[in-house]
Amino acid sequence: AQTVTQSQPEMSVQEAETVTLSCTYDTSESDYYLFWYKQPPSRQMILVIRQEAYKQQNATENRFSVNFQKAAKSFSLKISDSQLGDAAMYFCAYRRGLNFGNEKLTFGTGTRLTIIP
Amino acid sequence: DVKVTQSSRYLVKRTGEKVFLECVQDMDHENMFWYRQDPGLGLRLIYFSYDVKMKEKGDIPEGYSVSREKKERFSLILESASTNQTSMYLCASYSGTFAYEQYFGPGTRLTVT
């Protein structure tokens, strides 16, 4: 069974600084997707970024980027120039590839990120 | 924009009551999910559905059942609510065609007293 581990229950960062959230996963598959989801205090979960396992290039979305280390099964999220609106719970998630058809997501336990003004 | 709505943001029920949580999505998504979110445990999958009248158990189905009579609606049922079912419940959906992103509802905070 696939597992996703987030070892940092809480993190904090000064506004405008950079922070990295860690995620490791365990799978025997070679075709899969990884995601970072953000859940602000209002509770609506939204997708931040996704990474396809077959792509060697790390995904980037504006101030958000990932460091995908396939061999090490590591998938960290870097937030640059942190803003107050980045304060949220961040969840790492995994799903098997599209060849497996309809698939569920497996989530980590989350990291609560606090932004210090 | 995809919209996933849930029938209540906050709900208080008594032990032993039958509880219905409803989720509606407006994007014709085939796949719908019910998660439970608890501090330190992340999101755990209760049930999911790939199509109308189809359902599959997730990781923690005990004490829950589901119903999907229409494509846009997925209901979670607590047959006899217990205090250990006090939690945040999140509904999500995604299209089988664009299976990259799950869209989430705002959540229902259920308290069972």
Side-chain angles (χ1 to χ4, degrees), chain A residues 1-10 21-25 31-55 59 61 64 66 88-113, chain B residues 1-6 8-10 23 25 29-52 54-61 66 68 74 87-110:
Chain A
Q2 296 84 16
T3 59
V4 178
T5 301
Q6 293 179 250
S7 58
Q8 305 154 315
E10 296 183 350
L21 309 184
S22 301
C23 173
T24 58
Y25 59 95
D31 179 21
Y32 54 87
Y33 293 83
L34 295 164
F35 306 86
W36 279 99
Y37 278 85
K38 172 185 178 181
Q39 187 182 42
S42 66
R43 297 289 183 179
Q44 196 102 24
M45 190 97 70
I46 56 173
L47 180 66
V48 175
I49 199 165
R50 80 165 187 269
Q51 174 79 44
E52 291 88 339
Y54 64 84
K55 289 187 176 179
E61 290 286 342
F64 297 87
V66 299
M89 279 290 282
Y90 287 83
F91 291 95
C92 179
Y94 163 101
R95 64 151 283 163
R96 295 194 299 179
L98 297 182
N99 287 339
F100 292 97
N102 299 312
E103 276 283 301
K104 64 177 185 176
L105 290 180
T106 299
F107 286 86
T109 53
T111 297
R112 182 174 300 282
L113 179 64
Chain B
D1 278 352
V2 174
K3 280 207 169 43
V4 181
T5 58
Q6 295 183 227
S8 305
R9 291 300 301 270
Y10 300 94
C23 174
Q25 48 91 8
H29 285 172
E30 298 88 355
N31 306 286
M32 297 188 74
F33 300 78
W34 275 107
Y35 294 94
R36 172 176 171 159
Q37 182 180 3
D38 300 288
L41 297 178
L43 275 71
R44 294 179 292 168
L45 182 64
I46 304 171
Y47 267 97
F48 56 108
S49 171
Y50 293 141
D51 204 346
V52 175
M54 294 182 68
K55 61 185 179 185
E56 290 205 27
K57 293 180 180 179
D59 300 317
I60 52 165
V66 291
R68 188 141 181 228
F74 191 36
S87 186
M88 172 67 79
Y89 291 88
L90 296 176
C91 175
S93 72
Y94 78 82
S95 165
T97 304
F98 302 100
Y100 297 124
E101 178 178 359
Q102 284 198 10
Y103 295 87
F104 284 83
T108 295
R109 168 70 66 185
L110 173 67

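Because only heavy atoms are used, hydrogens play no part in the values below, and waters and symmetry mates are left out as well, while side chains stay in. Chain A is the first sequence line, chain B the second, and so forth, proteins listed ahead of strands; every chain is numbered from 1.
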Exercise. When you measure from the side chain of B:Thr108 to the backbone N and O of B:Ser8, does any donor-acceptor pair fall under 3.5 Å?
Worked result: yes
Problem set entry | Interface moiety of A:Gln39 toward chain B, non-hydrogen atoms closer than 4.5 Å | side chain
Exercise. Mind checking whether B:Tyr94 and B:Phe33 have ring centres under 6.0 Å apart?
Worked result: yes
Exercise. For A:Phe91 and B:Gly42, which heavy atoms make the closest approach, and how far apart are they?
Worked result: CE2-CA, 3.8 Å
Exercise. So which of B:Ala92, B:Gly107, B:Gly105 has the biggest tally of heavy-atom pairs under 4.5 Å with chain A?
Worked result: B:Gly105
Seminar exercise, completed: Bottom line for B:Gln37: the part with an atom under 4.5 Å from chain A's heavy atoms is side chain
Problem set entry | salt bridge (charged side-chain N to carboxylate O under 4.0 Å, His left out) contacts in which one or both residues fall within residues 37-48 of chain B, not counting sequence neighbours | B:Arg36-B:Asp38, B:Asp38-B:Arg44
For this session: Against chain A, label B:Leu41 side chain, backbone, both or neither, depending on which of its atoms sit under 4.5 Å from a heavy atom there.
Result: backbone
